[in-house]
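Worksheet: the structure to be examined is printed underneath.
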Number of protein chains: 2
Amino acid sequence: MRKHNIKMKVVNLEFQRYSIRMTTTSLNTWQLVQDEVLHRIQTGVWSPGTLLPTEKELAQEFECSRATVSRALNNLSGEGLLDRRRKGGTRVNLNPVRRATLAIPVMREEIEGKGSVYRAMVLEREQRNPTPAVRAFLSVEADCPMVHLRSLHMADNQPYAFEDRWVNLQVVPKFAEADLTEISANEWLVQNSGFSGGDVAFYSVNAGSQEAENLGCREGEALFVLERITRVNNKPITFVRLFYRPGHRISTSL
Amino acid sequence: MRKHNIKMKVVNLEFQRYSIRMTTTSLNTWQLVQDEVLHRIQTGVWSPGTLLPTEKELAQEFECSRATVSRALNNLSGEGLLDRRRKGGTRVNLNPVRRATLAIPVMREEIEGKGSVYRAMVLEREQRNPTPAVRAFLSVEADCPMVHLRSLHMADNQPYAFEDRWVNLQVVPKFAEADLTEISANEWLVQNSGFSGGDVAFYSVNAGSQEAENLGCREGEALFVLERITRVNNKPITFVRLFYRPGHRISTSL
DNA sequence: TAGTGGTCTAGACCACCCG
DNA sequence: GGGTGGTCTAGACCACTAA
């Protein structure tokens with residue numbers, strides 16, 4: 001996309017948003033194309049359901065290569081704004097399913113990132129077989145050796161999150177001797193075992209007596225819960241529930 | 001990346017995972033490269049902190065173009081596994097910050113996607129100025145004309161989520177006459193106004209009397225809340241809180 | 001079956017930034 | 001300053017699928 005000597009329509013649109021462009025310093029062609037397409041969608045030039053010109057046509061209009069147009073459109077498609085299919089062309093999604101990307105950091109970084117001092121303490125640690133509920137969740141055998149941990153994550157010496165974790169010793173037997181005074185179970189596992197996938201869920205529960213006691217809140221208070229199953233090679237390696245203190249929220253931008 | 005006539009090491013690794021490859025039918029070069037790099041990370045060939053070979057070297061090893069290697073590595077970087085910087089090279093992240101991508105669909109699609117019948121009812125609709133709390137959230141003036149809506153989303157005639165929404169009539173004046181019997185407020189806004197960005201947050205609250213009554217649950221039960229501010233052109237257009245019925249969870253895979 | 005987007009290449013130039 | 005990744009191109013072939 002040449003910055004000068006360009007079609008009238010594009011010049012106008014670029015000019016309208018020049019103040020924005022000046023600040024964001026987006027000089028890349030694919031970003032300019034993406035912004036321009038986004039702008040046309042937002043202003044209704046291409047309303048929901050509209051069939052966009054082909055990549056080749058857009059490449060001609062913007063005077064850039066098809067690959068560059070493709071990158072821009074694929075980005076918008078990844079954000080849920082466009083629906084692209086071979087032969088069918090590219091359309092503006094009727095109901096743009098926005099996808100929110102949440103970062104799930106290590107607890108230490110989450111807390112230190114807020115400027116607080118991180119500290120963790122292991123409250124309870126036992127080696128045992130899984131409870132029936134845990135067994136069902138992880139689909140492991142009844143006699144599978146596991147470590148059950150309860151820990152507390154502190155921010156500035158205030159309870160921040162209560163952790164209830166099961167670790168599968170069949171997959172990571174060395175965890176039985178892991179020293180968790182320096183690093184947390186999560187950090188140990190990240191550094192000492194692979195990682196291939198898992199599931200995350202968020203939900204909300206009323207605090208039980210155990211959570212209330214450890215988090216220093218009333219029983220029954222609504223707690224935000226992050227639940228995660230981590231697998232390596234399709235074998236469940238750990239199952240963890242993180243009960244955040246009341247008022248915790250996770251947020252992101254669209 | 002040629003499938004045959006390839007270095008011994010790669011052949012071996014491909015062979016080890018052949019059963020997986022057979023099922024996933026990933027024939028693209030960039031996917032093969034990505035899988036291979038992922039595999040080397042997971043098996044510790046490239047442990048956390050390790051500096052990877054340059055794109056050019058990897059392109060030579062995999063016998064493909066640098067652009068293809070670049071795509072594979074950039075994908076992994078986007079997933080938080082790699083840290084890439086010019087001149088600095090590509091490293092395996094020490095603490096892989098996993099990013100979970102959550103889809104935030106329109107309520108109708110969320111419910112119909114579960115095979116249930118969707119129905120929505122507007123419980124209350126009034127035109128008024130914002131409360132101080134809403135004003136602070138949206139940073140609008142005190143005399144900004146708004147519509148305050150309370151609605152209930154039903155799945156198979158059971159309460160599914162309770163919605164508390166404010167719409168900024170300064171930005172979308174036509175909303176004042178919107179007919180919300182056929183489509184929901186969200187759908188109306190998606191189709192009748194642009195969209196440029198917003199913030200989403202998830203948290204958890206105890207059900208108040210209003211939520212309990214409408215969702216048919218006890219007061220004090222822990223509810224999962226999705227809160228969203230949507231903007232067009234940096235002007236707040238709507239602010240919505242969705243209180244899901246007890247037990248609701250959102251989940252995703254890593 | 002024809003037309004669209006998906007992928008890949010070889011090469012080029014450039015911006016960034018570590019040493 | 002030099003080496004890395006970031007971007008871009010022109011062209012090619014291919015996979016999918018709507019008409």
Side-chain angles (χ1 to χ4, degrees), chain A residues 1-6 10 21 24-37 41 46 49-94, chain B residues 1-6 10 21 24-37 41 46 49-94:
Chain A
M1 191 195 276
R2 294 180 195 148
K3 305 308 181 298
H4 312 289
N5 181 23
I6 200 167
V10 178
R21 295 246 169 108
T24 53
T25 66
S26 60
L27 300 169
N28 300 331
T29 310
W30 69 266
Q31 282 181 5
L32 289 174
V33 173
Q34 183 176 328
D35 289 354
E36 178 55 33
V37 172
I41 293 172
W46 291 329
T50 303
L51 182 66
L52 267 61
T54 66
E55 288 188 346
K56 198 193 292 183
E57 289 168 340
L58 288 174
Q60 286 171 4
E61 183 193 344
F62 294 132
E63 299 185 21
C64 66
S65 73
R66 186 166 80 90
T68 303
V69 172
S70 191
R71 176 172 186 175
L73 296 184
N74 281 329
N75 280 353
L76 293 173
S77 167
E79 290 176 15
L81 279 173
L82 295 177
D83 181 33
R84 318 195 71 201
R85 51 190 65 183
R86 285 162 166 159
K87 168 70 178 175
T90 302
R91 288 181 183 277
V92 181
N93 257 340
L94 283 173
Chain B
M1 188 198 274
R2 295 180 195 148
K3 305 306 178 300
H4 312 288
N5 181 23
I6 200 167
V10 177
R21 295 246 169 109
T24 54
T25 65
S26 61
L27 301 168
N28 301 330
T29 310
W30 69 265
Q31 282 182 4
L32 289 173
V33 173
Q34 182 175 328
D35 289 354
E36 177 55 34
V37 172
I41 294 173
W46 291 329
T50 302
L51 182 65
L52 267 61
T54 65
E55 289 189 346
K56 199 193 293 183
E57 291 168 338
L58 288 174
Q60 286 171 3
E61 185 193 342
F62 295 133
E63 299 185 21
C64 66
S65 74
R66 186 165 80 89
T68 302
V69 172
S70 192
R71 175 172 187 175
L73 296 184
N74 281 330
N75 280 353
L76 293 172
S77 167
E79 290 176 16
L81 279 173
L82 296 177
D83 181 33
R84 318 195 70 200
R85 51 189 64 181
R86 285 161 162 152
K87 169 67 179 176
T90 302
R91 287 181 184 278
V92 181
N93 258 341
L94 284 172

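Remember, predicted model here, so these are calculated numbers, not experimental data. Numbers restart at 1 for each chain; the letters A, B, ... are given by sequence-line order, proteins then strands.
With Val92(A) as the fixed residue, the side-chain contact (heavy atoms from CB on, under 4.5 Å) test singles out one of Leu52(A), Val37(A), Leu76(A): Leu52(A).
Note: CZ (Arg84(A)) to P (dA15(D)) measures 19 Å, nearest angstrom. What separates CG of Leu82(B) from C1' of dG6(D) is a distance of 16 Å, to the nearest Å. Distance Trp30(A) CH2 to dG5(D) P: 19 Å, rounded to the nearest Å. If you measure from atom CD of Gln31(A) to atom C1' of dC8(D), you get 13 Å, rounded to the nearest angstrom. What separates CD of Glu63(B) from P of dA10(C) is a distance of 11 Å, to the nearest Å. If you take CD of Glu55(B) and C1' of dG11(C), they are 14 Å apart, rounded to a whole angstrom. The distance from atom CG of Asp83(B) to atom P of dG5(D) is 12 Å, rounded to the nearest whole Å. Residue Lys56(A) contributes atom NZ, which lies 16 Å from atom C1' of dT9(D) at whole-angstrom precision.
No side-chain heavy atom of Trp30(B) sits less than 4.5 Å from a side-chain heavy atom of Val69(B).
Applying the 4.0 Å criterion to OP1 and OP2 of dC8(C), one finds that Thr29(B) has a side-chain N or O inside that range. Proximity of Ser65(B) to the phosphate of dC8(C): no side-chain N or O atom is located under 4.0 Å from OP1 or OP2.
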Could you list, one pair per line, each protein nitrogen or oxygen that sits under 3.5 Å from a nitrogen or oxygen of nucleotides 15-19 of chain C, together with the distance?
{"unit_1": "dA15(C)", "atom_1": "N3", "unit_2": "Arg86(B)", "atom_2": "NE", "d": "3.4"}

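Residue pairs meeting the salt bridge (Lys or Arg N to Asp or Glu O under 4.0 Å) criterion with at least one member in residues 67-77 of chain B, sequence neighbours excluded, do not occur.
Within the helix from dT1(C)-dA18(D) to dC18(C)-dG1(D), the inter-axis angle between the opening and closing five-pair segments is 20°, rounded to 10°.
Scanning for salt bridge (charged side-chain N to carboxylate O under 4.0 Å, His left out) contacts around Arg84(A) gives Glu55(A), with sequence neighbours left out. With sequence neighbours excluded, the residues forming a side chain to side chain contact (heavy atoms under 4.5 Å, CB included) with Asn93(A) are Asp83(A), listed by chain and number. With sequence neighbours excluded, no residue forms a side chain to side chain contact (heavy atoms under 4.5 Å, CB included) with Lys87(B). For Thr50(B), the side-chain hydrogen bond (donor to acceptor under 3.5 Å, both in side chains) partners are Ser47(B), not counting sequence neighbours.
Looking at Gln31(B), its side chain never comes within 3.5 Å of a backbone N or O of Asn28(B) through a donor-acceptor pair. In this structure a side-chain-to-backbone donor-acceptor pair under 3.5 Å is missing from Glu63(A) to Gln60(A).
Contacts between residues 66-78 of chain A and DNA chain C, defined by a heavy-atom separation under 4.0 Å, are made by Arg66(A), Asn74(A).
When all heavy atoms of Leu51(A) and Gly88(A) are compared, the closest pair comes out as CD1-O, 3.5 Å. Taking every heavy atom of both residues into account, Gly49(A) and Leu94(A) meet most closely at N-CD2, 4.0 Å.
The Asn28(A) side chain lies nearest to dC8(D) when the options are dC8(D), dG6(C), dT4(D).
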